[in-house]
Amino acid sequence: MKIINIGLIGYGAAGQIFHEPIITSVPGLNLSKIYETNDLNLKILKTKYPQDKITSNIEDIFSDKSIEVVVLAVPNTAHYVLAKKALESGKNVVVEKPFTVTSEEADKLIKLAGEKNKILTVHHNRRWDSDLRTIRKIVKENLLGDLAEYEAHYDRFRNYIKENSWRENDVPGSGILYDLGAHLIDQAQCLFGVPDEIFADLQIQRSGGKTVDNFEIILHYPKVKVTLKAGMLVREAGPHFSLYGKNGSFIKYGMDVQEEALKKGIIPKDTENWGVEPENLWGKINTEVNGAHFIGKIESEAGDYREFYKNVYKAILGEEEIEVKAYQARNTIKIIELAQMSNKEKKWVKFE
């Protein structure tokens with residue numbers, strides 16, 4: 001098996017939780033070097049890796065000819081500059097979501113990746129959440145009939161402003177529209193493509209807040225109304241997904257189990273039944289199939305974030321197309337920009 005060396009830039013929450021344990025669980029991928037400067041993160045790194053795998057000089061990643069893939073797990077404002085540097089250094093690039101702060105930056109990176117003939121993708125790992133995988137199956141099998149409405153929530157409860165967090169500051173790319181919103185928008189794209197029009201209401205609800213912490217976005221499609229919502233003041237969570245069709249409905253509570261497992265240090269390669277949801281999290285369906293009324297639970301498909309990196313590996317070998325295409329991630333940023341425009345102008349805006 002060919003071994004592909006990866007250089008990871010950033011060992012904060014994203015690097016520690018969503019990249020390192022997944023990369024090290026995929027055969028053929030070798031996490032050969034990690035860049036970090038934060039003292040606390042370095043202390044954690046040094047308990048897990050030998051010194052020759054750790055660097056505080058970012059040029060060690062870009063100049064290492066053995067590294068084929070650079071993974072960027074850094075603040076959003078650094079995505080464009082570092083992705084550009086990595087591509088210019090002849091590397092394939094994985095950018096943590098959201099892709100970039102602006103669609104203009106995304107377009108420039110896509111053009112550069114094409115010129116360099118390198119793979120450029122974005123870590124929209126929640127395409128491999130168990131619930132989205134289940135919904136894709138329900139839609140594909142037409143279990144609800146013609147779909148009329150889709151509503152997705154990604155809510156949290158934190159009624160205070162987190163100190164020393166760039167996501168809470170009024171800087172480009174901050175706030176939950178870029179954070180949680182990027183996931184919801186990408187998932188909607190997976191199901192329905194890009195919308196015709198966008199309408200959005202963006203708010204700052206918490207005392208002392210400096211950036212968006214609540215949003216509602218409506219995406220208009222020819223036959224389906226899509227509503228995406230997120231907030232930081234949701235103590236009692238409602239449904240994560242609600243789907244309504246001509247023949248029935250599907251309601252799903254609870255979040256995919258992988259994130260909580262990863263936060264606890266549980267590693268996919270060491271875990272049987274990775275990403276399998278317990279029955280109490282299965283969604284409920286009430287529908288009519290082939291003339292028969294059916295009410296019950298739908299067993300959730302297993303989630304597996306490893307599929308993202310397995311695809312990156314095979315795409316580099318030329319065995320598969322890259323799953324998360326850069327232009328799709330660029331469209332997510334464009335929708336965020338149009339949502340901001342809609343909120344400012346208080347009107348529907350076209351996706352163009």
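We're numbering straight along the sequence, starting at 1. For the numbers below, each heavy atom of this structure counts, side chains included, while hydrogens, waters and symmetry mates do not.
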For Ala302 and Arg133, which heavy atoms make the closest approach, and how far apart are they? O-NH1, 2.8 Å
If you look at every heavy atom in Ile6 and Ile67, which pair is closest and at what distance? C-CG2, 4.1 Å
Hey, could you give me the CD1/OG distance between Ile335 and Ser342, rounded to the nearest 0.5 Å? 12.5 Å
Does Glu345 pair with Lys347 as a salt bridge, N-O distance under 4.0 Å? yes
Nearest atoms (heavy-atom pairs only) where Ala83 meets Val95: CB-CG2, 4.2 Å
Give a yes or no on whether a salt bridge exists between Arg126 and Asp186, defined as a side-chain N under 4.0 angstrom from a carboxylate O. no
Leu31-Val71 co-clustered via ILVMFWY side chain contacts under 4.5 Å: yes
Give a yes or no on whether the backbone of Pro98 and the side-chain of His79 come within a donor-acceptor separation of less than 3.5 Å. yes
Starting from the C-alpha separation in whole Å, work towards a yes-or-no answer on side chain to side chain contact (heavy atoms under 4.5 Å, CB included) for Asn280 and Tyr253. CA-CA 9 Å; Asn280 67 296; Tyr253 287 82; over 6 Å; no
Hey, are Asp146 and Lys223 close enough for a salt bridge, meaning a charged N less than 4.0 Å from a carboxylate O? no
Are Leu228 and Ile218 in one and the same hydrophobic cluster, where Ile, Leu, Val, Met, Phe, Trp and Tyr link if side-chain heavy atoms are under 4.5 Å apart? no
Side chain to side chain contact (heavy atoms under 4.5 Å, CB included) between Asp179 and Lys97, intermediate numbers included: CA-CA 8 Å; Asp179 185 17; Lys97 67 82 206 160; 2.6 Å; yes
Quick one, Tyr80 and Val101 - any side-chain contact, counting heavy atoms below 4.5 Å? no
Between Glu307 (side chain) and Trp128 (backbone), is there a donor-acceptor pair under 3.5 Å? no
What is the distance from atom CD1 of Ile204 to atom CG of Asp170, rounded to the nearest 0.5 Å? 7.5 Å
For Ile161, which residues count as a side-chain contact (heavy atoms from CB on, under 4.5 Å) partner, sequence neighbours excluded? Glu168, Arg206
For the pair Asn92 (side chain) and Val69 (backbone), establish whether a donor and an acceptor sit closer than 3.5 Å, ignoring hydrogens and angles. no
Testing the 3.5 Å rule here: is there a donor-acceptor pair between the side chains of Ser130 and Ser300? no
Would you compute the distance between atom CG of Leu87 and atom NZ of Lys116 and round it to the nearest 0.5 angstrom? 8.5 Å
Does Leu317 belong to the same Ile/Leu/Val/Met/Phe/Trp/Tyr cluster as Val94, with side-chain heavy atoms less than 4.5 Å apart forming each link? yes
With Tyr35 as reference, evaluate Leu45, Ile54, Leu8, Ile61 under the side-chain contact (heavy atoms from CB on, under 4.5 Å) test and give the passing residue. Ile61
Please work out whether the ring planes of His240 and Tyr154 are parallel, tilted or perpendicular, with thresholds of 30° and 60°. perpendicular
Counting N and O atoms only, with roles assigned by atom type, does the side chain of Lys225 sit under 3.5 Å from a partner on the main chain of Glu151, one being a donor and the other an acceptor? no
Report the C-alpha distance between Glu216 and Thr227 in whole Å, list the side-chain angles of each, state the deciding distance to 0.1 Å, and finish with yes or no for side chain to side chain contact (heavy atoms under 4.5 Å, CB included). CA-CA 7 Å; Glu216 179 172 359; Thr227 304; 3.7 Å; yes
Using only atom types and a distance under 3.5 Å, with no angle test, would you say the side chain of Thr332 pairs donor to acceptor with the backbone of Ala182? no
In this structure, CD1 of Ile217 is separated from CZ of Phe215 (nearest 0.5 Å) by 5.0 Å
Test log, rule salt bridge (Lys or Arg N to Asp or Glu O under 4.0 Å), inputs Lys85 and Glu59: CA-CA 10 Å; Lys85 175 74 171 176; Glu59 292 300 326; 3.7 Å; yes
Heavy-atom distance under 4.5 Å between the side chains of Leu42 and Ser56, does that happen here? yes
Counting only N and O atoms by type, is there a donor-acceptor contact under 3.5 Å from the side chain of Asn5 to the main-chain atoms of Ser66? yes
Between Lys118 and Val93 (side chain of the first, backbone of the second, donor and acceptor by atom type, cut-off under 3.5 Å), is there such a pair? no
For Phe250 against Thr134, the heavy-atom pair lying closest together: CZ-CG2, 4.4 Å
Close side-chain approach of Leu180 and Asp155, heavy atoms under 4.5 Å: no
Would you please test Glu115 and Lys111 for salt bridge (Lys or Arg N to Asp or Glu O under 4.0 Å) and show each step? CA-CA 6 Å; Glu115 292 170 352; Lys111 182 175 183 292; 2.6 Å; yes
I'd like to know if the side chain of Thr121 and the backbone of Lys325 have a donor-acceptor N/O pair within less than 3.5 Å. no
Quick one about Ser249 and Asn286 (side-chain donor to acceptor, distance below 3.5 Å, no hydrogens or angles considered), yes or no? no
When you group the ILVMFWY residues by side-chain heavy-atom contacts below 4.5 Å and let the links chain together, are Leu29 and Ile119 in the same group? yes
Test item: Val139 and Phe192 side chains (from C-beta on) under 4.5 Å apart, heavy atoms: no
Glu105 CD to Ile110 CD1 distance, which is reported to the nearest 0.5 Å: 12.0 Å
Please determine, by modelled atom types, if Asp256 and Gln258 share a side-chain donor-acceptor pair under 3.5 angstrom. yes
Would you call Leu219 and Ile198 a side-chain contact if the rule is heavy atoms closer than 4.5 Å? yes
If you compare all heavy atoms of Leu120 against all heavy atoms of Ala113, which two are closest, and at what distance to 0.1 Å? CB-CB, 3.8 Å
Is any side-chain heavy atom of Phe308 less than 4.5 Å from a side-chain heavy atom of Arg127? no
Looking at OH of Tyr313 and NZ of Lys310, how far apart are the two atoms once the value is rounded to the nearest 0.5 Å? 12.0 Å
Assess the side chains of Asp129 and Tyr305: does a donor N or O sit below 3.5 Å from an acceptor N or O? yes
Please confirm whether the backbone N or O of Glu323 pairs with a side-chain atom of Asn311, one donor and one acceptor, at under 3.5 Å? yes
Main chain of Lys137, side chain of Glu301: is a donor-acceptor contact present, judged purely on distance under 3.5 Å? no
Would you say that Asn125 contacts His183 through its side chain, given a criterion of any heavy-atom pair below 4.5 Å between the two side chains? yes
Mind telling me whether Phe199 and Trp348 have parallel, tilted or perpendicular rings, with 30° and 60° as the class edges? tilted
In short, Gly193 meets Tyr221 closest at the heavy-atom pair O-OH, 2.7 Å
Show which side-chain atoms of residues 12-28 pair as donor or acceptor with protein atoms under 3.5 Å away, not counting sequence neighbours.
from	atom 1	to	atom 2	distance (Å)
Gln16	NE2	Tyr11	O	2.8
Gln16	NE2	Asn41	OD1	3.2
His19	ND1	Tyr309	OH	2.7
His19	NE2	Glu96	OE1	2.6
Glu20	OE1	Tyr11	OH	3.0
Glu20	OE1	Lys48	NZ	2.9
Glu20	OE2	Tyr11	OH	3.4
Glu20	OE2	Lys48	NZ	3.1
Glu20	OE2	Tyr49	OH	2.6
Thr24	OG1	Glu20	O	2.8
Thr24	OG1	Pro21	O	3.4
Ser25	OG	Pro21	O	2.7
Ser25	OG	Lys269	N	3.2

Does the side chain of Asn247 reach to within under 4.5 Å of the side chain of Val289, using non-hydrogen atoms? no
If you group Ile, Leu, Val, Met, Phe, Trp and Tyr by side-chain heavy-atom gaps below 4.5 Å, do Leu112 and Phe99 land in one group? yes
